[in-house]
K.L.:
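Before I ask anything, let me first share the structure, which is written out below as structure tokens.
FYI, side chains are in, hydrogens and waters are out, and symmetry mates aren't considered; it's all heavy atoms of this structure. Model, not experiment: these values are computed from the prediction.
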Amino acid sequence: MAHHFNVRCMLCGRNAGLVRAGVFHRLPDTPPLTARGSRSTCGYCRGSLYLEPDNGPVSLVASTAEPQQAQPRRSGRAAVAQQTVRRRSA
């Protein structure tokens, strides 16, 4: 089952963006999508959009790769205190 899609316009055939892991990413050189009722339409011609499965080699590698574990980030006072301790011990 595909998890990567290209979003294309039915009228003009242009790419409007990409859907990766359920999140829409607009291409940098395309105008924003417009809303018509409850549906998004093409930013160029206001045509209807459809999803085209992306089964290219990059999407196959990305879908089979294991997700990387994010390192927890400290913020606020804990981060400042940890940096101060590191400076004093150096």
K.L.:
Tell me if a side-chain donor or acceptor on Arg8 pairs with a main-chain N or O of Tyr50 at a distance below 3.5 Å.
P.N.:
no
K.L.:
To the nearest 0.5 Å, how far apart are CE in Met10 and SG in Cys45?
P.N.:
11.5 Å
K.L.:
Check step by step if side chain to side chain contact (heavy atoms under 4.5 Å, CB included) holds for Phe5 and Asp54.
P.N.:
CA-CA 5 Å; Phe5 299 94; Asp54 184 10; 5.8 Å; no
K.L.:
I need the minimum non-hydrogen distance between Leu27 and Thr30, along with the two atoms involved.
P.N.:
O-OG1, 2.9 Å
K.L.:
Where is the tightest heavy-atom contact between Cys42 and Cys9, given as atom of each residue plus distance?
P.N.:
CB-SG, 3.6 Å
K.L.:
Which pairs with one or both residues in residues 37-46 pass side chain to side chain donor-acceptor pair (under 3.5 Å), sequence neighbours excluded?
P.N.:
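Counting only pairs at least two positions apart or across chains, the side chain to side chain donor-acceptor pair (under 3.5 Å) contacts touching residues 37-46 are Thr34-Thr41.
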K.L.:
Report yes if some heavy atom in the side chain of Leu49 is under 4.5 Å from a heavy atom in the side chain of Leu33; otherwise report no.
P.N.:
yes
K.L.:
Do the non-hydrogen side-chain atoms of Asn6 and Leu51 ever get within less than 4.5 Å of each other?
P.N.:
no
